[in-house]
Amino acid sequence: MGLIATVGRKDKKATPSLFELMREDDHAVKRKILITGGAGFIGSHVVRLFCRNYPDYRIYNLDKLTYAGNLENLADVAAECPNYRFIHGDICDIELMRQLFAGYAIDGVIHLAAESHVDRSIRDPFAFAQTNVLGTLSLLQAAREYWSSDTGGGMAGKLFYHISTDEVYGALQDPESFFVETSPYDPQSPYSASKASSDHFVRAFGNTYGLPVVISNCSNNYGPNQFPEKLIPLFINNIRNNKPLPVYGTGENVRDWLYVVDHARAIDTIFHRGKVGETYNIGGFNEWRNIDLIRVVIRTTDRLLGRPEGASEGLITYVPDRAGHDKRYAIDPTKLHEELGWSPSLQFEEGIERTIRWYLENQAWLDHITSGAYERYYAEMYGGRE
Ligand code: NAD
Ligand code: TYD
C-alpha cells in the first residue's frame, strides 16, 4: 500500500506496521492531527510545537521526504515525544490518504506539504502543479469522504487548515501598500500560481461540501532548518565557505521576514481559535530590501565567525535576475493581531542572530544536505550566472 509507518521513539520497535499503529490505545488521545510536510522547514517547527504543547494530542507527520524533507529536523521530537508518529508517504496518493483518515480517525489537518522554491518552479512547473494542486486536492477529497462517512462523525469539530503564502497576491507596486486578506489574487510565478490554485480548491471545498477550512498566508520565513536553496541559509553557507553571494538583479527587491517559530505560534493560534471559513495573513511588519538584509547577514556571520568587519562583503556578486522576479511583498497582519491576539515574539535583530548561530553551530546538518544532489542543483542553478 506504499506506506512505511515509523514510530520515532527510540525505545520502541523501529517500524511497526500500520495495523500495529492502528491498534494503539486511543483512550487518552484528545485529538488526532495530520500534519503534512512536517519534515520540512516550517513543518518541523509546527510538529515540535504541537507535540510539546499538546501531549494529549497524537501528531501524525506525513512526509514524502523529498530533497527538502529531513528527519534530522525532528530527531529531538522523535526521541522525546511519545505522541509523535511519522508516516512516509505522498499526499498525491489518494488511496493512502483515505487509509490514513479512516485508519487513524484524523480530526484535524495542518497542510504544509508542498514544493516551495520559486527558482525550482521556474525550471519544473509540473512538479508544483502535481504536489501543490493535485496533492492538496487529494487530501481535501480524503478529508471530505472520511468526515462525511458513517464512521467519520460529521464535519463538526473537524478542521482542514491550509498553509499558504503571501506570494498568491502577486507583487506590490505601490511602496505604501500592504497585502490584506481581501487583496485580489494575482500570482506571478509557477510556485505562487500553484499555491493560489490550491487556496481556491480549499475554499471551493468549504463552499461546496461544507468542509471546515481555514487558510493562512504568511510572509517569508527564516530560521533554523531551512534548506539552503533559500536566500538566508544559502548565503550563510556561502559566507562560511567563502563562496560568491549571488544577488539577483540589483538587490532592490523587498521581502517581509518572519521568524519561523513565530509562524508556528500563529498556526497554533489559528488552528485553535481561528474562525472556520476565514483567511488570516501572517507577518511581522519587517520589510527588507534584499541587499540591506544581505549586508546584515554578512556582518553578523563575519562577527560570529570571528572575521574582521566587512571581510565577506567582497563575496557579493550581482547575477542576472530571476525571471519574473516579484518586486515587493508586504503583509498587513492586523486581522490576526486584533481578532486572535497574535504578535511576533522576536525582533528581527535577535531572530537573525539566533538563526545564523544555529547554522554555524550545526555544520553537520548543513554538510549532510549540501553534498551530492545539492551540488548538482547549485551548479545547474548558478553555474551559468556567476
Ligand atoms: P519545505 O520545502 O522546507 O518543506 C516541504 C516539505 O513537504 C518537505 O518536508 C517535503 O518532503 C514535503 N513534501 C513535498 N512534496 C510532498 C508530497 N507530495 N507528499 C508529502 N510530502 C511532501 O517548505 P517550507 O518552506 O517548510 O514551506 C511549508 C509550507 O509553507 C508550504 O506549503 C509553503 O508554500 C508555505 N510557506 C512557506 C513560506 C517560506 O518562507 N518558506 C512562507 C509562507 C508559506
Ligand atoms: P527566496 O529565499 O528564494 O524566497 P522568495 O523568492 O520566495 O521570496 O528569495 C528571497 C529573495 O532573495 C528574492 O527576492 C530572491 C532573492 N535571492 C537572491 O537574490 N539570490 C539567491 O541566490 C536567492 C536564492 C534569492
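Order of listing sets the numbers, starting from 1, for every ligand and every atom in it. Each residue takes its place number in the sequence, starting with 1. Note that this is a predicted model, so its numbers are computed, not measured.
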*Asks:* Using distance alone, determine whether Glu115 and ligand 1 share an N or O pair under 3.5 Å.
*Replies:* no
*Asks:* Is there a heavy atom of Ala39 sitting under 4.0 angstrom from any atom of ligand 1?
*Replies:* yes
*Asks:* I'd like to check whether Asn253 has a polar contact with ligand 2, where a contact means an N/O of the residue lying under 3.5 Å from an N/O of the ligand.
*Replies:* no
*Asks:* With heavy atoms under 4.0 Å as the rule, classify the contact between Thr36 and ligand 1 as side chain, backbone, both or neither.
*Replies:* neither
*Asks:* Measure the CZ-CG distance between Arg255 and Asp326 for me, rounded to the nearest 0.5 Å.
*Replies:*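 The CG atom of Asp326 is 6.0 Å from CZ of Arg255, to the nearest 0.5 Å.
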*Asks:* Any nitrogen or oxygen of Lys230 lying under 3.5 Å from a nitrogen or oxygen in ligand 2? Just yes or no.
*Replies:*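 The answer is no, given that Lys230 and ligand 2 share no N or O pair closer than 3.5 Å.
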*Asks:* Judged on heavy-atom distance to atom 42 (C) of ligand 1, which of Ser116, Ser219, Gly37 sits nearest?
*Replies:* Ser219
*Asks:* Below 4.0 Å, non-hydrogen atoms only: which portion of Ile42 touches ligand 1? Side chain, backbone, both or neither.
*Replies:* both
*Asks:* So, taking the atom named OG1 in Thr334 and the one named CD in Glu181, what distance separates them when rounded to the nearest 0.5 Å?
*Replies:* 8.0 Å
*Asks:* Any idea which atoms of ligand 1 are less than 4.0 Å away from a heavy-atom of Lys195?
*Replies:* 31 (C), 32 (O), 33 (C), 34 (O)
*Asks:* If the contact criterion is a heavy-atom separation under 4.0 Å, does Tyr67 count as touching ligand 1?
*Replies:* no
*Asks:* Nearest 0.5 angstrom please: Trp365 CH2 to Glu72 CD, how far?
*Replies:*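 Separation between the atoms: 8.5 Å.
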*Asks:* Does any N/O atom on Cys92 come nearer than 3.5 Å to any N/O atom on ligand 1?
*Replies:* no
*Asks:* Kindly confirm or rule out an N or O of Glu229 lying under 3.5 angstrom from an N or O of ligand 1.
*Replies:* no
*Asks:* Identify which one of Asp199, Asp166, Thr165, Thr279 satisfies the side-chain hydrogen bond (donor to acceptor under 3.5 Å, both in side chains) criterion when paired with Asn217.
*Replies:*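 Exactly one candidate clears the test, Asp199.
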*Asks:* May I ask whether Ser164 has any heavy atom positioned less than 4.0 angstrom from an atom of ligand 1?
*Replies:*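 The answer is yes, since Ser164 has a heavy atom less than 4.0 Å from ligand 1.
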*Asks:* Examine Asn70 against ligand 1 and note whether any of their N/O atoms are separated by less than 3.5 Å.
*Replies:*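 Asn70 vs ligand 1: no N/O contact under 3.5 Å.
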*Asks:* Please set out all donor-acceptor pairs under 3.5 angstrom arising from side-chain atoms of residues 290-299, sequence neighbours excluded.
*Replies:*
{"residue": "Asp292", "atom": "OD1", "partner": "Arg289", "partner atom": "NH2", "Å": "3.2"}
{"residue": "Asp292", "atom": "OD2", "partner": "Arg289", "partner atom": "NE", "Å": "3.0"}
{"residue": "Arg295", "atom": "NE", "partner": "Glu313", "partner atom": "OE1", "Å": "3.4"}

